[in-house]
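Read the structure below first, then the notes.
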There are 2 protein chains.
Amino acid sequence: MSCRLGGGGITVVVVRTPTELTTAFRERGLKVTPQRQLLFRLLHANPTHPTAEALFATASEQMPGISLRTVYQTLNDLAAMGELRVLLFAGGSTRFDPNVSDHHHAQCDRCGELHDVYVDRLEALTVAGFDGFVAERASIVFSGLCAACSKLSNHPNQ
Amino acid sequence: MSCRLGGGGITVVVVRTPTELTTAFRERGLKVTPQRQLLFRLLHANPTHPTAEALFATASEQMPGISLRTVYQTLNDLAAMGELRVLLFAGGSTRFDPNVSDHHHAQCDRCGELHDVYVDRLEALTVAGFDGFVAERASIVFSGLCAACSKLSNHPNQ
DNA sequence: TGCTAATTCGCATGAGTTGCAGATTGGGTG
DNA sequence: CACCCAATCTGCAACTCATGCGAATTAGCA
Ligand SMILES: [Mn+2]
Ligand SMILES: [Mn+2]
Ligand SMILES: [Zn+2]
Ligand SMILES: [Zn+2]
């Protein structure tokens with residue numbers, strides 16, 4: 001396959017605000033610490049699909065002494081609550097996605113960046129395979145070159 | 001989404017025979033050792049998407065003393081030659097797929113088994129997202145319950 | 001203000017995989 | 001067939017990412 005992913009379409013993005021996450025934590029008897037509040041803020045509308053280490057690095061700037069262990073702890077709590085998606089890709093560590101909308105991803109082969117993709121009418125796919133499997137979800141990962149990297153490889157002067 | 005994956009469709013499976021892999025290795029100046037030959041055999045038409053550890057366990061029965069390091073070495077060589085696909089899923093270790101056909105996967109939430117799925121007309125999907133991304137490949141992972149596990153959860157007497 | 005369960009943090013531990021180097025060997029050469 | 005040497009094998013150390021643990025700290029409620 002080879003296709004260009006264009007704009008358009010309806011994109012319902014579901015990301016909780018720090019305030020909403022605070023309420024969600026309290027409702028479950030979980031405490032809201034300064035460390036957690038900071039992470040709520042760093043995750044809010046963060047489109048980078050960061051790793052735990054990346055969040056730790058940013059968090060450390062604003063709160064020196066925060067522990068990587070606490071970052072993992074909070075991310076795992078959020079994932080367990082369904083407020084964070086856990087993504088596994090080639091090339092190392094787990095990435096976290098505060099966008100819990102039903103969406104998919106496009107990963108650039110060259111720079112590794114990960115972009116959100118919204119796919120309509122997935123159920124229209126013609127699939128053949130294991131009889132009797134009842135699929136509840138589907139996750140698509142497109143790979144190729146992002147716009148920036150695509151331009152680079154079209155110019156002879158790289 | 002929720003759909004049942006049925007049979008039918010054309011499924012062109014591409015898996016090299018041990019003999020073909022032997023030739024491919026020699027052509028590239030790589031040696032064909034007893035260890036590699038054993039792994040070629042264990043991989044041939046293996047539908048289990050095994051991990052390195054799983055292959056090592058089976059290989060050890062037939063060749064006591066074979067090293068896990070050698071299993072990884074050979075799997076990496078095969079992957080570099082494009083004769084093996086490397087699959088990353090939740091729950092631990094890398095899985096290897098000797099089926100290098102253009103296909104996708106369905107993973108059971110309950111038993112974890114991985115089944116091959118063939119998808120037609122992928123390019124008919126309506127996608128919206130990052131403008132300018134040029135997608136060369138797509139990988140779909142369906143999740144839900146396999147036929148066996150699906151039956152179990154329909155019976156009240158679990 | 002005081003209590004207490006939840007949390008934080010630092011370190012140890014674990015799983016999975018790769019780096020390394022000395023011993024071994026496949027397979028081409030004479 | 002014997003020789004040679006680069007490729008390979010093996011065992012162990014090291015490395016990365018993530019989690020277990022427990023003493024010190026703290027959020028949130030009475
Ligand atoms: Mn995303
Ligand atoms: Mn497969
Ligand atoms: Zn790119
Ligand atoms: Zn199952």
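If you're wondering where the values come from, they're calculated on a predicted model, not measured in any experiment. Reminder, nothing fancy here: chain letters follow the sequence lines and each chain counts from 1.
Partners of S139(A) according to the side-chain contact (heavy atoms from CB on, under 4.5 Å) rule, which considers only residues two or more places apart in sequence or in another chain, do not exist here. By the side-chain contact (heavy atoms from CB on, under 4.5 Å) test, A54(A) pairs with P50(A), T51(A), sequence neighbours left out. Residues that satisfy the side-chain contact (heavy atoms from CB on, under 4.5 Å) test with S67(B), not counting sequence neighbours, are R69(B), T70(B). For Q73(B), there are no side chain to side chain donor-acceptor pair (under 3.5 Å) partners at least two apart in sequence or on another chain. With sequence neighbours excluded, the residues forming a side-chain contact (heavy atoms from CB on, under 4.5 Å) with Q37(B) are V32(B), R41(B), listed by chain and number. For D77(B), the side chain to side chain donor-acceptor pair (under 3.5 Å) test picks out R36(B), with sequence neighbours left out. Applying the side chain to side chain donor-acceptor pair (under 3.5 Å) criterion to R95(B), with sequence neighbours excluded, gives no partner residue.
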Task: Base-contact (B) and sugar-phosphate-only (S) positions in nucleotides 18-30 of chain D, heavy-atom cut-off under 4.0 Å, - elsewhere - done: SBBB----BBS--
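Through direct or indirect side-chain contacts shorter than 4.5 Å among Ile, Leu, Val, Met, Phe, Trp and Tyr, L88(B) is connected to no other residue.
Counting only residues at least two apart or on different chains, no ring pair (Phe, Tyr, Trp, His ring centres under 6.0 Å) pair has a member in residues 54-89 of chain B.
Under the 30°/60° scheme for interplanar angles, the aromatic rings of H103(B) and H49(B) are found to be tilted.
In summary, contact between chain A and DNA chain C, defined as any nucleotide atom under 4.0 Å from a heavy atom of the protein, begins and ends at dA5(C) to dG10(C) in the 5' to 3' direction.
For the pair S67(B) and G29(B), both in contact range of DNA chain D, the more 5′-proximal nearest nucleotide belongs to G29(B).
Against DNA chain D, the stretch residues 35-43 of chain B makes heavy-atom approaches under 4.0 Å through Q35(B), R36(B).
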